[in-house]
Engineer: 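Can you read through this structure? Questions will come right after.
In the text below, chain A, chain B and the rest are named by the order of the sequence lines, each starting its count at 1.
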There are 4 protein chains.
Amino acid sequence: MPRLKEDQLKKIYEERKQQITLAAVRIFAQRGLPGTKISMITAEAGVSHGLFYHYFKTKEELFTSLVREAIETSMKEMDSLSQLTVSPIEKIKILTQGMLDENGAPYFMLLHRARNFEEVPEEVSQLIQQYPVDVYVKLLLPLFEEGQQRGEVADGEAEELIASYLTVLSGVMVLGKGYVTPQVDWLLRFVEKK
Amino acid sequence: MPRLKEDQLKKIYEERKQQITLAAVRIFAQRGLPGTKISMITAEAGVSHGLFYHYFKTKEELFTSLVREAIETSMKEMDSLSQLTVSPIEKIKILTQGMLDENGAPYFMLLHRARNFEEVPEEVSQLIQQYPVDVYVKLLLPLFEEGQQRGEVADGEAEELIASYLTVLSGVMVLGKGYVTPQVDWLLRFVEKK
Amino acid sequence: MPRLKEDQLKKIYEERKQQITLAAVRIFAQRGLPGTKISMITAEAGVSHGLFYHYFKTKEELFTSLVREAIETSMKEMDSLSQLTVSPIEKIKILTQGMLDENGAPYFMLLHRARNFEEVPEEVSQLIQQYPVDVYVKLLLPLFEEGQQRGEVADGEAEELIASYLTVLSGVMVLGKGYVTPQVDWLLRFVEKK
Amino acid sequence: MPRLKEDQLKKIYEERKQQITLAAVRIFAQRGLPGTKISMITAEAGVSHGLFYHYFKTKEELFTSLVREAIETSMKEMDSLSQLTVSPIEKIKILTQGMLDENGAPYFMLLHRARNFEEVPEEVSQLIQQYPVDVYVKLLLPLFEEGQQRGEVADGEAEELIASYLTVLSGVMVLGKGYVTPQVDWLLRFVEKK
DNA sequence: GATGAATGAGTCTTCATTCAT
DNA sequence: GATGAATGAAGACTCATTCAT
């Protein structure tokens, strides 16, 4: 029988896993799947490379689970906008700020990499196909349409407007250091009426 | 006719080199340096992998020379804007169109990869440091200032506006397939006055 | 265009492949799949470990193909007995000699390992299930029945006799060095009448 | 009652050790030394892998001690034949039955593996050299010679006959599942006179 | 005694690069 | 110039072993 309570073991397990996961997100985001070596992740996490395999089956498996997580998180965040009790344009502002947030960036970067570049595991390809940009567009459609009715959001084909705006936001997010991040208010020019 | 023969050989040499280079740009742009295998390049170019080394010393060397070329080309293009005899906002439109041009995209992608991600050869790091985004900003500054004076371009700190716009354009370019590419006129909202 | 004729390349390719294969058979037979390291095979074959992967996809793939080959060869050999124009007991003697033959032993050892021991690739398990000992028994049944009718072969349930004899022969073959190989005439006592 | 407690601990110790040992014999016999992972043994024994190292220093040490045990047991069994008060051929029958006994098989398999295959620890090699098949032959020689004198055992060079018979029995034993185990009476044909 | 987290040596495998032809 | 056989450094992954709890 173990001296350590099951709880304690569980806690250690989850903490270590989280620790490695966080390191992995950062490095995957920066270097991509083929550019990321296990040794980079474990060095960043401060553990031995052997421990990686105590927690994850393969590099690909971890990458895949991170992409899955990123999709879920981004869907949830966009969805949660509808709960807020502010005007549409305010919601769009919040969305914009959220997407430019430093902390979220690595996840978006991951998605970007999964979506466009590189050799990715089959499962990632499938996930990406299941959640094309279009899904986000549909999710945001009511918000933008309401904004148009209220005269807050620029007229025109709402779906294209949303898709274009998401492209811009994603692009900005993906670039990261080396580029100047535009002010939120400037970015909103793309969608504001007049 | 040894002369003729020499010319022919030279021509074949250049053609082959170009053939491999074009393949390399595409694949480097899509997969990055570590994600690109020599075999991918040579397969795409339709030659044996051994031949690669007749034309290039190493994978890194090719990557580096492509980055150098990309920098030169982009500098030249921006510079050439000043020769045109159209209004500032028109020039910015042309710039925008140029950057979104399909053909140019791979080069920009390459630059993007060199600028942000991945392990790159030392020489590439140096090139990138010599040509930060700021250099482009300075290059475009007269154009935007003139635009502001004429009331065509949005007010505000011109350098930040340029840098931000370049971020937006670069971001859009980098995303590629999987995202909706915004229309040029729509993108111009970011810099247009009113 | 290659300087070497396609034939020559093909020849080199086949020779090298054969060279590695032979080394592999010996070592797999002696050490089994998990006991065989790629470095052992390539050292025995006198090539670099990298070359192994020029000719084979994985260690498992090679093992599998060898098992397949072993099955085919053994089936063919038993089948070819029926072509001979000698008495049944003579054929059984030839079979016995053939199975004890040093050269064939590694292949049988391989089959034995695949049949009984060790972790083997899924495909090997399937092959082994498709070709149980029973298949050999059926193949030899006419031969033994004719022998019984002629009074050359011991009476009794022919199928069990064959199966038992194959067990004995396989066992002897599998043991190899460290044990005394029984004389063929002595082994024939198991099946000879009286 | 520290005394009682000590006894109990000792008992638990021995039981656990036995439990792991039994699991190890089975798996070593089936998979060989390199094919056996500590985790397989501990899973089979139903304990954590860490516990293995409370009872054994290394995998090799356990394997070696098992081989030693197998040698001792087999020597003892053959030796005990001479105590019996039955005819030589009866004794040979008992020997045969003993060797085919399911329970003993794993030990013989172990010996077989140690004798022929695989990478074994230096100490095992030495044990095997100290107890070649020849030792068993010498042990059984009086028995077979008596059998020949009585006309129960086939004529001929007794030592070769014994060695050959041991080969046959060992072979049958080693094959295990997948093969038909011959009946004892049928195997005796090999040594019986007539 | 017992557990499982942690480590690192050893293998498998990939792939950039060289080189004989 | 062109090819593909050959090499070996580097990276992914496994697993025996240690050790804190």
Side-chain angles (χ1 to χ4, degrees), chain A residues 1-6 8-13 15-17 34-42 46-61, chain B residues 8-10 12-13 15-17 34 36-42 47-62, chain C residues 1-6 8-10 12-13 15-17 34 36-42 46-61, chain D residues 8-9 12-13 16-17 34 36-42 47-62:
Chain A
M1 254 133 274
R3 281 287 165 74
L4 282 176
K5 309 290 182 302
E6 229 175 72
Q8 286 177 301
L9 280 176
K10 182 96 178 176
K11 191 165 159 250
I12 289 176
Y13 184 90
E15 277 177 7
R16 274 279 181 276
K17 192 161 182 172
T36 297
K37 314 302 173 197
I38 294 292
S39 60
M40 292 173 180
I41 296 176
T42 52
V47 299
S48 70
H49 72 266
L51 196 60
F52 180 92
Y53 294 94
H54 195 66
Y55 293 98
F56 305 99
K57 255 189 15 201
T58 65
K59 190 171 78 159
E60 270 73 20
E61 193 232 42
Chain B
Q8 284 178 321
L9 284 178
K10 179 92 179 180
I12 289 176
Y13 181 90
E15 277 177 7
R16 274 277 192 267
K17 188 161 183 174
T36 297
K37 320 295 171 208
I38 295 292
S39 60
M40 292 174 179
I41 296 176
T42 52
V47 300
S48 72
H49 69 269
L51 196 59
F52 181 91
Y53 293 91
H54 270 280
Y55 295 98
F56 306 99
K57 241 175 47 168
T58 67
K59 189 170 84 156
E60 269 73 20
E61 192 229 47
L62 173 54
Chain C
M1 257 133 272
R3 279 288 164 71
L4 284 174
K5 309 289 183 303
E6 229 176 73
Q8 287 177 298
L9 279 178
K10 182 98 178 175
I12 289 176
Y13 183 90
E15 278 177 7
R16 274 280 180 277
K17 190 161 181 171
T36 298
K37 314 300 173 199
I38 295 291
S39 60
M40 293 173 179
I41 296 176
T42 52
V47 299
S48 71
H49 72 266
L51 197 59
F52 180 92
Y53 294 94
H54 195 65
Y55 292 99
F56 305 99
K57 252 184 21 191
T58 65
K59 190 170 80 157
E60 271 73 21
E61 193 233 41
Chain D
Q8 284 180 319
L9 283 178
I12 289 177
Y13 182 89
R16 274 277 190 265
K17 186 161 183 172
T36 298
K37 320 295 171 210
I38 295 292
S39 61
M40 292 174 178
I41 296 175
T42 51
V47 299
S48 74
H49 69 268
L51 196 58
F52 181 91
Y53 293 92
H54 270 280
Y55 295 99
F56 306 98
K57 238 173 49 167
T58 66
K59 188 170 83 156
E60 270 71 20
E61 192 229 47
L62 173 55

Engineer: Return the value, rounded to whole Å, for the distance between atom CD of A:E15 and atom P of F:dA20.
Structural biologist: 19 Å
Engineer: Take atom CZ of A:R16 and atom P of F:dA20, then tell me their distance rounded to the nearest Å.
Structural biologist: 14 Å
Engineer: Atom NZ of A:K10 to atom P of E:dT3: distance rounded to whole Å?
Structural biologist: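 Result: 18 Å.
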Engineer: Taking all non-hydrogen atoms of both residues, which atom of D:H54 and which atom of D:Y13 are closest, and how far apart?
Structural biologist: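 Heavy atoms only, the tightest pair is O-OH, 4.3 Å.
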Engineer: Rounded to whole angstrom units, what separation is found between the OH atom of C:Y13 and the P atom of F:dG4?
Structural biologist: 12 Å
Engineer: Any side-chain N or O of C:Y55 below 4.0 angstrom from OP1/OP2 of F:dA6?
Structural biologist: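 Yes.
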Engineer: Taking all heavy atoms of C:Y55 and all of C:I12, pick out the closest pair and write down the distance.
Structural biologist: OH-O, 4.4 Å
Engineer: Looking only at heavy atoms, what is the nearest atom pair of D:F52 and D:L62, with distance?
Structural biologist: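 So the minimum-distance heavy-atom pair works out to CE1-CD2, 3.6 Å.
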Engineer: Using atom CD1 of C:I12 as one end and atom P of E:dA20 as the other, report the distance to the nearest whole Å.
Structural biologist: 13 Å
Engineer: If you compare all heavy atoms of B:I38 against all heavy atoms of B:Y53, which two are closest, and at what distance to 0.1 Å?
Structural biologist: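 Closest approach of B:I38 to B:Y53: CG1-OH, 3.7 Å.
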Engineer: More 5' along DNA chain E: B:H54 or A:S48, using each one's nearest nucleotide?
Structural biologist: A:S48
Engineer: Rounded to the Å, how far apart are D:K17 NZ and E:dA2 P?
Structural biologist: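 Going from D:K17 (NZ) to E:dA2 (P), I get 13 Å.
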Engineer: Got a donor-acceptor contact below 3.5 angstrom from the C:K37 side chain to the C:P34 backbone?
Structural biologist: yes
Engineer: Output one letter per nucleotide in nucleotides 11-16 of chain E: B when a protein non-hydrogen atom lies under 4.0 Å from the base, S when only the sugar-phosphate is that close, - when neither is.
Structural biologist: SSBBSS
Engineer: Closest approach of A:T36 and A:K59, non-hydrogen atoms and distance?
Structural biologist: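 Closest pair (atom of A:T36, atom of A:K59, distance): O-NZ, 2.8 Å.
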Engineer: May I ask you to test the A:T42-A:L51 pair for a side-chain heavy-atom distance under 4.5 Å?
Structural biologist: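 Sidechains of A:L51 and A:T42: no contact.
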Engineer: Which ranges of DNA chain F pair up as stems, where a stem means three or more consecutive Watson-Crick or G-U pairs with both distances under 3.5 Å?
Structural biologist: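 Ordered by first number, the stems with DNA chain F (at least 3 consecutive pairs each) read E:2-21 with F:2-21.
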